[in-house]
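If you read the sequence from its start, that first residue is 1, and numbering goes on from there.
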Amino acid sequence: MAVSEMAVTPDATPVGKYDHGEAQCPYRLVLEHVTSRWGVLVLIELLDRPYRFSELRRAIGRVSEKMLAQTLQTLERDGLVHRDAKPVIPPRVDYSLTDLGREAAEQVRALAAWTTDRMDEVTKAREAYDEART
């Protein structure tokens, strides 16, 4: 990190560009939620349409019920996912994106598309790196 990107606290402790102290920690937490392994996949999948829990789990694949439930709760708490529980028998719960969630999901999908488009270059870079290390 360049010196120009560093701030200094009153006690002269350098602070990184993205380290805003405990008061600003929520920014980092939201970034972690949106870019987490399951958060990314949930957001991208919900861009297409609302899903019931079991449908979403099948669409994502290899995610435990517990992990998916935690991810959905976290994204709901952040205002990105809407949980619509219908009072019917059997119970029906649908998950969809809020406007804020749709905005975040579009950004995440763009990053996912970039990784797909650039995977050949990443693979070549990895191979060159590994070859140079041996």
Side-chain angles (χ1 to χ4, degrees):
M1 179 175 294
V3 174
S4 63
E5 295 175 350
M6 301 282 284
V8 178
T9 62
D11 67 349
T13 305
V15 177
K17 178 178 172 182
Y18 300 104
D19 185 3
H20 300 286
E22 289 183 31
Q24 299 298 317
C25 191
Y27 297 114
R28 253 192 208 178
L29 287 175
V30 172
L31 184 60
E32 287 176 21
H33 299 161
V34 169
T35 61
S36 71
R37 177 180 184 181
W38 303 117
V40 166
L41 298 176
V42 165
L43 291 171
I44 290 172
E45 204 60 45
L46 288 176
L47 264 172
D48 294 335
R49 64 179 179 86
Y51 278 87
R52 292 179 74 175
F53 184 89
S54 57
E55 290 178 310
L56 186 58
R57 185 168 180 230
R58 280 192 301 274
I60 291 172
R62 297 187 337 184
V63 61
S64 69
E65 285 187 26
K66 179 181 177 184
M67 219 38 248
L68 181 56
Q70 287 176 350
T71 300
L72 287 165
Q73 286 173 346
T74 299
L75 295 174
E76 181 183 6
R77 183 170 184 255
D78 288 343
L80 305 176
V81 168
H82 173 72
R83 181 181 185 271
D84 183 22
K86 297 190 178 14
V88 295
I89 298 175
R92 179 183 174 105
V93 179
D94 292 314
Y95 294 92
S96 60
L97 293 175
T98 63
D99 290 341
L100 188 62
R102 181 162 297 286
E103 187 179 336
E106 287 168 353
Q107 299 296 318
V108 170
R109 182 172 59 184
L111 181 58
W114 178 86
T115 60
T116 300
D117 294 344
R118 298 294 188 216
M119 199 59 218
D120 287 343
E121 293 170 62
V122 170
T123 300
K124 288 176 187 171
R126 287 177 175 175
E127 290 169 355
Y129 177 88
D130 291 346
E131 190 174 303
R133 306 270 300 171
T134 57

Side-chain (Thr98) to main-chain (Gly79) donor-acceptor, under 3.5 angstrom = yes
ask   = Is it true that Asp84 and Lys86 have a side-chain N and a carboxylate O under 4.0 angstrom from each other?
value = yes
message = Within a 6.0 Å radius of atom CD on Glu55, are there more than 12 heavy atoms belonging to other residues, nucleotides or ligands?
response = yes
remark   = Tested for side chain to side chain contact (heavy atoms under 4.5 Å, CB included) against Met119, the lone hit among Asp117, Thr115, Thr116, Thr123 is Thr123
inquiry  = Measuring only between side-chain heavy atoms, which start at C-beta, is Arg58 closer than 4.5 Å to Ser54?
reply    = yes
message = Is there a side-chain contact between Val40 and Trp38 in this structure, where contact means two heavy atoms from C-beta onward sitting under 4.5 Å apart?
response = no
request  = Measure the CG-CG distance between Leu46 and Leu97 for me, rounded to the nearest 0.5 Å.
outcome  = 4.5 Å
inquiry  = With clusters defined by side-chain heavy atoms of hydrophobic residues (ILVMFWY) lying less than 4.5 Å apart, directly or transitively, does Leu100 cluster with Val108?
reply    = yes
note = One should read off an interatomic distance between Tyr51 OH and Glu45 CD, to the nearest 0.5 angstrom, of 3.5 Å
task = Mind checking the CG-OG spacing from Leu31 to Ser36? Nearest 0.5 Å is all I need.
result = 10.0 Å
Using a 3.5 Å cut-off and no angle test, enumerate the donor-acceptor pairs between side-chain atoms of residues 60-76 and protein atoms at least two apart in sequence or in another chain.
residue: Ser64; atom: OG; partner: Met67; partner atom: N; Å: 3.0
residue: Thr71; atom: OG1; partner: Met67; partner atom: O; Å: 2.8
residue: Thr74; atom: OG1; partner: Gln70; partner atom: O; Å: 2.9

request  = Give a yes/no verdict on a cation-pi contact between Arg57 and Phe53, requiring under 6.0 Å between NZ or CZ and the six-membered ring centre and an angle within 45° of the axis.
outcome  = no
key: Presence of salt bridge, Glu131 and Lys124, under 4.0 angstrom   = no
query = How long is the span from the CD1 atom in Ile44 to the CD atom in Glu106, to the nearest 0.5 Å?
reply = 11.5 Å
note = Output for pair (Arg49 CZ, Asp94 CG), nearest 0.5 Å, gives 9.5 Å
task = Check the hydrophobic clustering (I, L, V, M, F, W, Y; side-chain heavy atoms under 4.5 Å; chains of links allowed) and say if Leu29 and Val34 are grouped together.
result = no
Nearest-0.5 Å distance, CG of residue Leu43 to CZ of residue Arg109 = 11.0 Å
inquiry  = Quick check on the hydrophobic clustering: are Leu80 and Val93 connected, directly or via other members, by side-chain heavy-atom contacts under 4.5 Å?
reply    = yes
